[in-house]
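Below is one structure, written out as structure tokens; comments come after it.
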Amino acid sequence: MKKLISILLVSAISLSIFTSCGEKSAFSDVTTDVAGYTYSTEAEEVPEEDVTEVTEEEVEEESGIYDNTAIVEAYETGDTSALSDDNLLVYQAAVDAISEFYSEDMSDDEIILAAHDYITTHVTYDSDELSLLGSAKEESSTPYGALIYGEAICMGYTTTFQLFMDMLDVKSIIVTGSSDGEDHAWNMVCVNDKWYHVDCTWDDYVPDYDDRIPIHTYFMVTDGVMEIAHVWDRDSSPVADSEDYVYFFTHGLYAETKDELKTILQASATEGEILAEAAVPLDSDWSAPYTTTMTVYAYWRMDFDSYSVIIYYFKEQYLDRD
């Protein structure tokens with residue numbers, strides 16, 4: 001199981017109650033940009049001599065979450081002179097990645113998909129964390145590990161996705177919690193005033209291989225999907241109850257019949273892929289279908305709140321066994 005020792009947001013950053021995208025009520029008298037959100041409230045004036053300036057390094061050290069403020073500002077202004085050497089490397093790597101997956105005519109949901117697919121196909125889970133000792137590289141919890149070394153643990157996936165969202169002005173936050181009893185982190189994004197979960201780590205299966213296709217089991221999903229194996233503070237995060245942008249529904253990958261499922265798998269086989277993803281009704285009990293050009297030799301089914309996701313692995317064959 002992928003594992004991360006993560007730290008919750010700095011205590012000075014009070015938890016917010018989200019009512020819709022961008023609307024929030026916080027109970028803090030400080031303003032700190034962390035996880036793509038500015039938390040602030042009206043508060044009585046504090047004498048200037050009592051105000052202590054907090055540096056980016058101090059915010060990051062206190063919260064345990066990578067602070068991308070300087071990089072985002074450099075991207076917005078085009079001025080990189082204030083960046084540290086490490087941040088300059090991350091900035092350039094992020095700019096190169098964005099130039100590969102982004103175009104100015106993209107909608108927010110298209111940006112979110114492109115960033116998710118880039119991360120899950122260009123970053124691999126830190127193998128040191130998967131070793132017997134379970135000790136991840138220091139950089140693996142940041143975009144430096146993900147974008148420079150191509151390795152990350154869940155906080156590295158999450159902060160890299162957050163960096164892309166902040167650079168491209170898409171509303172997104174970082175959520176920390178647990179999964180399968182281990183500390184975990186992922187993102188939530190807002191599209192058309194509705195929130196969705198995005199877990200890049202859980203969509204990047206181990207082991208990785210070259211030219212792998214992206215998987216979208218935990219992409220733009222609801223609280224109901226996430227709560228099957230994720231735990232988080234529901235009171236401090238927005239509600240995600242819309243299925244408007246669930247990948248399988250918006251990309252023709254939801255099969256209501258076995259014949260529709262065969263069509264989906266056949267399309268992937270025709271493209272030369274070795275696996276395919278599909279969603280099916282919860283009550284379906286279809287076995288792996290066969291066609292004249294491919295055979296399913298393994299599949300992995302996950303039952304969620306209103307549908308099941310199945311990842312099929314197949315190989316070519318020339319005997320129709322159905």
Side-chain angles (χ1 to χ4, degrees), residues 20-22 98 100-122 157-158 161-162 164-165 168-173 175 186-205 212-230 238-271 273 275-284 286 289 299-312:
S20 66
C21 294
I98 287 172
E100 183 172 333
F101 71 73
Y102 169 74
S103 61
E104 291 187 357
D105 61 344
M106 281 182 166
S107 61
D108 282 357
D109 59 295
E110 290 172 332
I111 293 172
I112 294 166
L113 175 59
H116 166 278
D117 288 0
Y118 182 91
I119 292 171
T120 58
T121 56
H122 285 74
Y157 283 86
T158 300
F161 182 86
Q162 187 67 45
F164 288 152
M165 295 300 99
L168 297 174
D169 197 27
V170 176
K171 292 178 181 177
S172 175
I173 61 172
V175 179
W186 63 96
N187 301 88
M188 293 186 74
V189 294
C190 183
V191 179
N192 292 336
D193 290 329
K194 296 178 181 179
W195 287 92
Y196 304 85
H197 294 269
V198 176
D199 191 340
C200 292
T201 311
W202 275 37
D203 275 346
D204 187 18
Y205 298 155
R212 61 192 181 276
I213 66 171
I215 298 299
H216 305 90
T217 308
Y218 292 93
F219 175 76
M220 301 289 278
V221 296
T222 65
D223 291 342
V225 169
M226 293 299 285
E227 68 186 6
I228 302 298
H230 294 65
V239 173
D241 57 7
S242 170
E243 293 185 336
D244 288 354
Y245 286 95
V246 173
Y247 183 83
F248 303 97
F249 302 157
T250 60
H251 286 73
L253 297 176
Y254 181 75
E256 295 191 13
T257 67
K258 187 174 181 179
D259 285 341
E260 290 180 359
L261 180 58
K262 289 177 64 174
T263 299
I264 291 170
L265 300 189
Q266 184 61 60
S268 292
T270 301
E271 293 294 322
E273 305 293 354
L275 65 83
E277 56 183 342
V280 298
L282 271 176
D283 59 356
S284 64
W286 308 319
Y299 62 93
W300 178 20
R301 177 170 179 146
M302 293 150 283
D303 294 330
F304 295 126
D305 57 336
S306 62
Y307 59 89
S308 299
V309 172
I310 312 179
I311 309 299
Y312 290 95

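Computed from a predicted structure; not experimentally measured.
Residues Phe249 and Tyr254 bring their aromatic ring centres within 6.0 Å. Proximity of the aromatic rings of Trp300 and Tyr205 is defined here by a centroid distance below 6.0 angstrom, and this criterion is met.
Take Phe219 and apply the ring-ring contact (aromatic ring centres under 6.0 Å, His included) test, not counting sequence neighbours, and it matches His116, His216. Partners of Asp305 under the salt bridge (charged side-chain N to carboxylate O under 4.0 Å, His left out) rule, at least two apart in sequence or in another chain, do not exist in this structure. Applying the ring-ring contact (aromatic ring centres under 6.0 Å, His included) criterion to Phe101, with sequence neighbours excluded, gives Tyr118, Phe164. For Asp169, there are no salt bridge (charged side-chain N to carboxylate O under 4.0 Å, His left out) partners, not counting sequence neighbours. When the side chain to side chain contact (heavy atoms under 4.5 Å, CB included) test is applied to Thr257, the partners found at least two apart in sequence or on another chain are Asp259, Glu260.
When atom types are taken as modelled, the side chain of Ser284 and the backbone of Trp286 share no donor-acceptor pair closer than 3.5 angstrom. For Gln162 (side chain) and Ser172 (main-chain N/O), a donor-acceptor pair under 3.5 Å exists by modelled atom type.
Separating the CG atom in Asn187 from the OH atom in Tyr157 is a distance of 13.0 Å, to the nearest 0.5 Å. Taking CG of Asn192 as the start and CG of Asp108 as the end, the distance is 8.0 Å to the nearest 0.5 Å. The distance from atom CZ of Phe248 to atom CD1 of Ile310, rounded to the nearest 0.5 Å, is 10.0 Å. The distance from atom NZ of Lys194 to atom OG of Ser242, rounded to the nearest 0.5 Å, is 4.0 Å. Atom CG of Asp109 and atom OH of Tyr245 lie 4.5 Å apart (nearest 0.5 Å). To the nearest 0.5 angstrom, Ile215 atom CD1 is 13.0 Å from Cys200 atom SG.
Evaluation of the salt bridge (charged side-chain N to carboxylate O under 4.0 Å, His left out) test over residues 213-229, restricted to residues two or more places apart or in two chains, returns Asp223-Arg234, Glu227-Arg234.
In plain terms, the two heavy atoms of Thr217 and Asp203 that are nearest each other are N-OD1, 3.1 Å. Between Pro214 and Thr120, the shortest heavy-atom distance links the atoms CB-OG1, 3.9 Å. In plain terms, the two heavy atoms of Pro238 and Met188 that are nearest each other are O-CE, 3.4 Å. Residue Pro281 comes nearest to Arg301 through the heavy atom pair O-NH2, 3.5 Å, listed as atom of the first residue, atom of the second, then distance. Across Ala255 and Ile264, no two heavy atoms sit closer than the pair CB-CD1, 4.0 Å. For Leu113 against His251, the heavy-atom pair with the smallest separation is CD2-NE2, 3.8 Å.
The aromatic rings of Trp186 and His197 sit tilted relative to each other, their planes meeting at an angle between 30° and 60°.
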query: Do His230 and Asp199 pass the side-chain contact (heavy atoms from CB on, under 4.5 Å) test, and can you show the C-alpha distance, the side-chain angles, and the key distance before you say yes or no?
result: CA-CA 10 Å; His230 294 65; Asp199 191 340; 2.9 Å; yes
